[in-house]
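A quick write-up on the structure given underneath.
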Amino acid sequence: MWVLVFFDLPTDTKRDRKVAAGFRKKLLEDGFAMFQFSIYTRFCPSRENADVHIRRTKINLPPKGKVGIMAITDRQFGMMEIFYGKKKQDTEPPSQQLELF
């Protein structure tokens with residue numbers, strides 16, 4: 001599973017910018033990677049694990065702005081077409097995670 005978090009947060013005041021930066025920082029601390037400036041992604045090995053990260057993101061929602069959270073399968077993520085200018089780029093493979101039992 002891939003969890004995508006996309007957002008549009010106000011940055012009009014110094015306080016707004018601090019809140020937006022804090023939200024981005026918490027996403028990074030939870031293992032998300034920046035896909036684009038306002039889109040962050042995280043690979044999760046299962047739906048249950050994705051639900052954990054979705055709950056964490058909901059806990060850290062800023063008081064203002066618009067935030068979307070979407071979970072998609074690895075196959076759906078792999079079908080995405082990504083371009084830099086007109087040059088097509090391959091999608092990134094999921095990061096390897098060590099699981100201890």
Side-chain angles (χ1 to χ4, degrees):
M1 300 284 316
W2 285 86
V3 177
L4 289 80
V5 177
F6 30 90
F7 52 90
D8 186 13
L9 303 178
T11 56
D12 299 328
T13 67
K14 187 174 183 178
R15 173 83 176 123
D16 288 343
R17 288 188 294 276
K18 184 174 183 177
V19 169
F23 182 67
R24 284 192 295 273
K25 183 179 179 187
K26 288 184 184 201
L27 288 173
L28 293 171
E29 288 171 353
D30 194 30
F32 284 83
M34 187 170 66
F35 184 77
Q36 290 184 347
F37 186 68
S38 294
I39 303 173
Y40 285 70
T41 60
R42 186 185 200 291
F43 177 75
C44 297
S46 67
R47 179 63 201 199
E48 292 78 19
N49 185 257
D51 289 340
V52 167
H53 295 286
I54 290 169
R55 275 194 301 275
R56 284 185 193 156
T57 301
K58 287 179 180 179
I59 289 169
N60 295 318
L61 287 174
K64 296 190 278 184
K66 186 174 183 178
V67 177
I69 303 171
M70 181 187 333
I72 61 174
T73 66
D74 191 42
R75 184 171 183 203
Q76 290 169 320
F77 188 84
M79 291 188 297
M80 183 178 357
E81 292 185 283
I82 301 171
F83 296 87
Y84 288 102
K86 292 189 177 192
K87 185 176 180 183
K88 187 172 180 174
Q89 296 290 114
D90 293 329
T91 55
E92 292 183 26
S95 59
Q96 297 294 328
Q97 294 187 351
L98 178 63
E99 291 188 33
L100 301 174
F101 297 94

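Environment of OH in Y84: sparse, with no more than 12 heavy atoms of neighbouring residues, nucleotides or ligands closer than 6.0 Å.
To the nearest 0.5 Å, atoms CD (Q36) and CE (M34) are separated by 9.5 Å. With rounding to the nearest 0.5 angstrom, the CG atom of L4 is 7.5 Å from the CZ atom of F35. Note that CE of M1 and CD1 of I72 are 8.0 Å apart. Values are rounded to the nearest 0.5 Å. Distance check, rounded to the nearest 0.5 Å: SG of C44 to CD1 of I54 gives 7.5 Å.
In terms of heavy-atom proximity, A20 sits nearest to P10 at CB-O, 4.5 Å. The two residues W2 and F77 have their closest heavy-atom pair at CD1-CB, 3.4 Å. Closest heavy-atom contact between R24 and Y40: CD-OH, 3.2 Å.
Tested against K64 for a side chain to side chain contact (heavy atoms under 4.5 Å, CB included), the candidates D12, L9, D16 yield a single pass: D16.
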Please lay out, stage by stage, how V5 and F32 fare under the test side-chain contact (heavy atoms from CB on, under 4.5 Å). CA-CA 9 Å; V5 177; F32 284 83; 3.7 Å; yes
Between M70 and F6, does the side-chain contact (heavy atoms from CB on, under 4.5 Å) criterion hold? Intermediate values first, please. CA-CA 9 Å; M70 181 187 333; F6 30 90; 3.7 Å; yes
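At distances below 3.5 Å, not a single donor-acceptor pair connects side-chain atoms of R42 with backbone N or O atoms of V3.
Residues D51 and R47 form a side-chain contact, since some pair of their non-hydrogen atoms from C-beta on lies under 4.5 Å apart.
Both I39 and F43 belong to a single network of hydrophobic side chains, linked directly or stepwise wherever heavy atoms of I, L, V, M, F, W or Y lie under 4.5 Å apart.
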Give every donor-acceptor pair under 3.5 Å between a side-chain atom in residues 56-63 and any protein atom, sequence neighbours left out.
{"unit_1": "R56", "atom_1": "NH1", "unit_2": "D30", "atom_2": "OD1", "d": "2.6"}
{"unit_1": "T57", "atom_1": "OG1", "unit_2": "H53", "atom_2": "O", "d": "2.9"}
{"unit_1": "N60", "atom_1": "ND2", "unit_2": "R56", "atom_2": "O", "d": "3.1"}

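Taking the centre of each ring, F7 and F23 come in below the 6.0 Å mark.
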